[in-house]
Structure formats: C-alpha cells, structure tokens
There are 2 protein chains.
Amino acid sequence: MTAEPVDEVLGALADPTRRALLDALARRGAASASALAADLPVSRQAIVKHLTVLEQAGLVSSARTGREMRYTPRSAPLDATARWLADLATSWDRRLDAIKRAAESEDP
Amino acid sequence: MTAEPVDEVLGALADPTRRALLDALARRGAASASALAADLPVSRQAIVKHLTVLEQAGLVSSARTGREMRYTPRSAPLDATARWLADLATSWDRRLDAIKRAAESEDP
DNA sequence: CTGAACTGCAACCCTATGGTTGCACGAGAG
DNA sequence: CTCTCGTGCAACCATAGGGTTGCAGTTCAG
C-alpha cells in the first residue's frame, strides 16, 4: 500500500547521523564521502553507508569526477514528503470532525 | 541541536506498522489497544509499545475511561513536521543556488 | 459474587542496522 | 614510474528495537 518513496524518505530522515550528514552536505553544497568524514564523528565507511541510504531515498544524488565521488542534496523528496504529511494531517482532521459532528447530532 | 519534537515524530513515522496503526486510528477516530489489535496482524502488546512511542511523539493522546484506554490521533505534530521539512527544502535550495551563482560569476 | 474483558509489567527472542577495521583497486599528482 | 589519495568490498561486532508470551491486577457485567 505504501510502496511510495515517502517510506524511504521517512526511514532515511529518522536517523540523527543521517540528518547531520544532510546538514553538512547542504552547507557545503556538494562533497565527497571522505570530506564529510572530516566533519562528522564517524568513519568514512559509516558515511558511505548513510549516503547509500539517502541516495536510495532520493535525498542525495551522486556523480563521479575522476577518483572522487561527489554527493549533492536533493530537495524534491523533502517537499513531496512535506506535502504528504500535511495532506495526512488534514485528512485526520476531516475525519475526526465528521465523527464528532455525528456524535453531537445523535446524543443530546 | 535537534532536541526538537521533530526528532521523535520522524522516528515514530519511520516504522510501517506504526503508520498502519495511525491509519487505523484515524479511520476509527479513537480506539483502545485491544480494538486496534483486531485490525493489525500483531499482538496487543506490540501495539501498546507502538502507541507509547506515538504518544511520546505527540501523534496520539491517551485517555482512560473505566477499564478502557482510549487513544486519539493528533494532527498538530504532523503539520509542524511538514513545515519543518518544507523549510529545510527551501533552505537547501537557497544555499545551492547561492553556491551555483558564486561559481558562475568567478569561473568564466 | 463471580467471571469476563482490558490493561500493565516483565522476561525473552531475534533480526535489522549503525558502526568499525582491514584490504585491494583505480586514478591523479609529482 | 611511483606514490598517495579516495573509493569499494567484505567480514565482523554490538546494540536497539520490533515482536512474542505469560501473568497479575482492575473494573465492569450478569
């Protein structure tokens, strides 16, 4: 049912290290795994793993230049997920409102 | 740095079972753990654990009526998180744009 | 009063996953 | 040509966390 990209985005965003990584990436604009490893308190390998997850979620894109692997943040999935959340919120509100109104018109 | 509620909301939303649980809850408007256990393919105890996580994230509120514990979905954290994500997206865009412009005015 | 319906606590299992280290390989820099 | 930098792969460790079962305690229904 929810095979949509939102799954992966939420999963990716759930990890604090990954969020810090995205933050560092956005600050630099684009960077390699080794460069990012200098910023964060984890090994380069850990960062590579996180970047893989983020890329699968569409939150970063990778491009090789020579021996370097450059990662760039992608905002589109963020926007999509934000809309998804907002829609879900209004959907809840509508439903709860309907239920409340139904109860009011029956009880008293 | 990110001790904000967004942390917990993202973490809570990352789990598919939890999302299904929220969906069932929104559909019913409000329900007890036992009632929800009938809908989902997991034990009541598992559901209780999930509800605890969701409540800590502010996504549901609980109220006891007699021997029943009734849970209600809360949309506010969803909206807040949606706004957070949207803001983050625009922040990225601004930054990347600035970097790109800077590169253009220097290189050629 | 007795039994059924729900909740709450605790002990446990097991897999997913965040993290590490070590090594081998391709590509520039000198 | 050689040295070094950065990547990629693989094995491995340890904890968090999703899930279960069992049991004791409340609160309502008959």
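In what follows, every chain begins at residue 1, and chains take the letters A, B, ... in the order their sequences are listed.
- Rounded to whole Å, atom P of dT20(D) lies 11 Å from atom CG of Leu40(B).
- Glu55(A) meets the salt bridge (charged side-chain N to carboxylate O under 4.0 Å, His left out) test with no other residue; sequence neighbours excluded.
- One interatomic measurement links the two molecules: CD of Glu68(B) to P of dA29(D), which rounds to 11 Å at whole-angstrom precision.
- If you take CG of Leu21(B) and C1' of dG19(D), they are 14 Å apart, rounded to a whole angstrom.
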**Under 4.0 Å protein heavy-atom contacts per nucleotide of nucleotides 16-27 of chain C, with B for base, S for backbone only and - for none** = --SBBBB----B

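- Remark: Asp87(A) pairs with no residue by the salt bridge (charged side-chain N to carboxylate O under 4.0 Å, His left out) rule, at least two apart or across chains.
- Every residue two or more places apart in sequence or in another chain was checked for a side-chain hydrogen bond (donor to acceptor under 3.5 Å, both in side chains) with Arg44(B), and none qualifies.
- Put simply, CD on Glu8(B) is 15 Å from C1' on dG17(D), counting in whole angstrom units.
- Partners of Thr90(A) according to the side-chain hydrogen bond (donor to acceptor under 3.5 Å, both in side chains) rule, which considers only residues two or more places apart in sequence or in another chain, do not exist here.
- Among residues two or more places apart in sequence or in another chain, the salt bridge (charged side-chain N to carboxylate O under 4.0 Å, His left out) test is passed with Arg28(A) by Asp39(A).
- The distance between atom CD1 of Ile47(A) and atom C1' of dG8(D), rounded to the nearest whole Å, is 15 Å.
- Here Asp79(A) does not pair with Arg83(A) in a salt bridge; the nearest charged N to carboxylate O distance is not below 4.0 Å.
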